[in-house]
Amino acid sequence: MISVSVTTPKGQQSKVDCAAAAVTIGKADDNVIVLRGFTIGKRHATIRDRGNGLYLEDHGGLSTTEVNGQIVDKEHGPLIPGDVITIAGYNLQILQNGGAAAEPAAPSAKAVLAPKVEPKPEPKVEAAPVAAPKAAVEAPKPAVEAPKPIQAPPPAPHPSVPEARSMPPEMRRLMNDARMQIHHKLISVMDLRRVDVSRMNEDELRSQTSALISEILANDTTVPAQLDRKRLAKEVLDEVVGLGPLEDLLADGACSEIMVNRYDQIYIEKGGKLQLSDVTFTSEQAVVKAIERIVAPLGRRIDESSPMVDGRLKDGSRVNAVIPPLALKGANITIRKFSKSKLKDEDLIRYGSITAPMMAFMKQAVLHAANIVISGGTGSGKTTLLNVLSNYIPEDERIITVEDAAELQLAQPHVVSLEARPANVEGKGAVHIRDLVKNCLRMRPDRIVVGECRGGEALDMLQAMNTGHDGSLTTAHANTPRDCIARLEVMTLMSGLDLPVRAIREQIASAVHIIIQQSRFPDGSRRVTHITEVTGMEGEIIQLQDIFLFKQAGYGPDGKIKGSYVATGNVPELYQDLANRGIPVDLSIFQKGKEL
């Protein structure tokens, strides 16, 4: 005779007497002792009489099997009277000498233990609405009292964890292992309950997933006690329905760029300097899933047939991702973060990127419809400056913006934004920037703003500038104003038209009025180094004259670039025309050698 006293998580007690040599335990109805809970296996454990004593066999389940607070690994024995077996909050105590058979054997035991008399589950660990009531899990009360944080309500959808990146390496390793373990259990539970995520909106998915994670943590005794369960729940939730460890990095205002080289190596840029972050993804698959969550709302895809993708986040941050087989070390992501606060001209002046007189000149150039090209290297701040200058365009003008990935934020009321589109699965349906530039000419624009010229669209942009659409703005990759002219020539040739070089240069000389050169220095600072005017052609050469320059004077004791902005003494034709028309302008800022 095997006699067991059973205490439910709510404290209700019953006794099971079994004359058989084995007592099966689990949630299936054919077990001698039936326990309810999604973390309990169909046949979770067996108490077996082997003649020389009782032995407990663990068959596995989401919940661990413990004897007197110690986790059972496959088998434990012999059991002695008074030993307490704990499974998902149920306590099963072995009775002295089997005890008297005060109750009928297996059938009545089932009736007592089945939670049919307890239809109301514990509110703090209530199962997701998609689960059957039968699968509800009650809050555990094991013999070894679980720590109070386990009973905490589900974490807030977007809690702030500012210290996440300062976790010691060993603690971070334990957190990553626990995160992977809970993630796997969550997938099993959602599959078991047949949770249909396709029918949920983002808020519902986040809410129900958060409840499931809290429920799993409440019944999981394998998580190291030194780990913060609230943080663990947040990290699992972020990885399942968000962008994983990138969520905290995106929320960090000091972080300007995020570079995922592989799942366990993430670099960030702060203050213009690169540094290795100690947060990681749990696996390669988690990185790919994060990429898919970024590009899916944009109607884009990433797979082996299309292993590269450009996209943007909801806040406008620019994203580039590459997956194997092109990425040899694993899927990687590069995120150029979008500033939460929109930068204005006074911000650039305060940061030392430009001076007030230079900004006043550029404002006049935009107001009086000069065609401007902002030139610079990657990450030099071209788009930021383009955003600032675009806001000088008068509000009574119709503006058309054309971009590969939408980044511009114009404050004017009359703005139409166009964005390029990649090909679909069949390789069709691509709409390139050049097509959009051509189309916007039919949309009665007063100003055309092209986010960046990279190819043949440069020819269409030059033609627009030459055919009555003055005041257009664009950016291009180049290291100096002279290099920018050469780049425009090459991009025009990329249009596929067999044009003579002289014709191209004449187009450039008549279309472009001002080139603004933006540079990024080794100390991380970004500055306007040249404001240069295109004055026309002389022979076969396009003539340029610098108006303002940044002259570097070494480094300060703090490692920062030292230097000053000076005027070259050249007065641009724009100001000369304004002065001739009687419009008051400040010509003193162009005095040669004057520091601005």
Side-chain angles (χ1 to χ4, degrees), residues 254-257 269-275 336 339 341 343-366 370 372-389 392 473 475-487 512-535 543-572 574-575 585-596:
C255 178
S256 58
E257 199 148 358
E269 182 187 67
K270 283 189 174 182
K273 298 290 187 180
L274 292 180
Q275 53 185 274
R336 178 78 55 78
S339 177
S341 58
L343 291 179
K344 300 180 179 179
D345 47 9
E346 55 262 30
D347 296 316
L348 299 184
I349 295 170
R350 186 173 67 254
Y351 295 150
S353 297
I354 199 170
T355 65
M358 294 167 67
M359 185 61 78
F361 166 74
M362 288 194 289
K363 180 177 181 179
Q364 290 296 326
V366 174
I372 299 174
V373 177
I374 301 173
S375 168
T378 301
S380 60
K382 300 186 299 298
T383 304
T384 300
L385 183 58
L386 180 62
N387 243 328
V388 171
L389 296 185
Y392 288 142
L473 296 95
T475 70
H477 277 85
N479 295 324
T480 66
R482 177 60 65 185
D483 288 344
C484 181
I485 295 296
R487 279 277 296 155
V512 180
H513 300 137
I514 294 171
I515 298 174
I516 302 172
Q517 182 67 40
Q518 183 99 359
S519 297
R520 178 178 176 177
F521 290 89
D523 63 351
S525 62
R526 297 167 173 85
R527 299 175 186 269
V528 173
T529 57
H530 298 73
I531 296 181
T532 303
E533 182 185 26
V534 180
T535 58
Q543 296 300 304
L544 305 177
Q545 69 172 11
D546 295 328
I547 300 171
F548 301 109
L549 296 173
F550 174 72
K551 290 192 174 181
Q552 185 176 338
Y555 292 85
D558 56 354
K560 297 293 185 181
I561 293 287
K562 293 174 60 180
S564 60
Y565 293 95
V566 297
T568 62
N570 298 317
V571 179
L574 170 67
Y575 265 49
V585 289
D586 182 11
L587 297 177
S588 65
I589 62 174
F590 304 110
Q591 184 178 344
K592 186 174 182 179
K594 180 178 181 179
E595 291 194 10
L596 303 172

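Bear in mind the structure is a predicted one, so any value in this text is a computation, not a measurement.
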> Taking the side chain as every heavy atom from C-beta outward, state whether Ile516 and Leu389 have any pair of such atoms under 4.5 Å apart.
yes
> Kindly indicate whether the side chain of Lys363, heavy atoms from C-beta on, has any atom under 4.5 Å from the side chain of Asp345.
no
> Does any non-hydrogen side-chain atom of Leu549 lie less than 4.5 Å from one of His530?
yes
> Grab the two heavy atoms, one from Leu343 and one from Val388, that are nearest each other, plus how far apart they are.
O-CG2, 3.7 Å
> Checking the side chain of Thr475 only, and the main-chain atoms of Ile374 only, is there a donor and an acceptor separated by less than 3.5 Å?
no
> Indicate whether any N or O donor in one side chain lies under 3.5 Å from an N or O acceptor in the other, for Gln517 and Thr529.
no
> If I compare all heavy atoms of Arg487 with all of Ala478, which pair ends up nearest, and what's the gap?
CG-CB, 4.1 Å
> With a 4.5 Å heavy-atom cut-off, do Ile349 and Thr355 have their side chains touching?
no
> Please tell me if the side chains of Met358 and Ile531 come closer than 4.5 Å, counting only heavy atoms from C-beta onward.
yes
> Would you say CD of Glu346 has more than 12 non-hydrogen atoms from neighbouring residues, nucleotides or ligands within 6.0 angstrom?
yes
> List the atom of Gln518, the atom of Lys382, and the distance in Å for their closest heavy-atom pair.
CG-N, 4.5 Å
> So, the side chain of Ser375 versus the backbone of Pro481: is there a donor-acceptor pair under 3.5 Å, distance only?
no
> Please find the pair of heavy atoms, one from Asp586 and one from Tyr575, that lie closest to each other, and give the distance.
O-CE2, 3.8 Å
> Short question: side chain of Thr532, backbone of Gln545 - any donor-acceptor pair under 3.5 Å?
no
> What distance do Arg527 atom CZ and Ile354 atom CD1 have between them, rounded to the nearest 0.5 Å?
11.5 Å
> Flag the pair Arg336 / Thr378 as yes when at least one side-chain heavy-atom distance between them is below 4.5 Å, and no otherwise.
yes
> With rounding to the nearest 0.5 Å, note down the distance linking OG in Ser256 to CD in Glu269.
3.5 Å
> With rounding to the nearest 0.5 angstrom, report the OG to CD distance, Ser564 to Gln552.
11.0 Å
> Between Asp347 and Lys344 (salt bridge meaning N to carboxylate O under 4.0 Å), is one present in this structure?
no
> Given side chains that start at C-beta, do those of Phe548 and Ile589 come closer than 4.5 Å, heavy atoms only?
yes
> Is there side-chain contact between Ile514 and Pro572, with at least one heavy-atom pair below 4.5 Å?
no
> State, to 0.1 Å, how close Ile485 and Ile515 come at their nearest heavy-atom pair, and which atoms those are.
CD1-CD1, 3.7 Å
> Where do Val528 and Tyr565 come nearest, in terms of heavy atoms and distance?
O-CE2, 3.0 Å
> Can you measure from CZ (Arg482) to CG (Leu544) and round to the nearest 0.5 angstrom?
4.0 Å
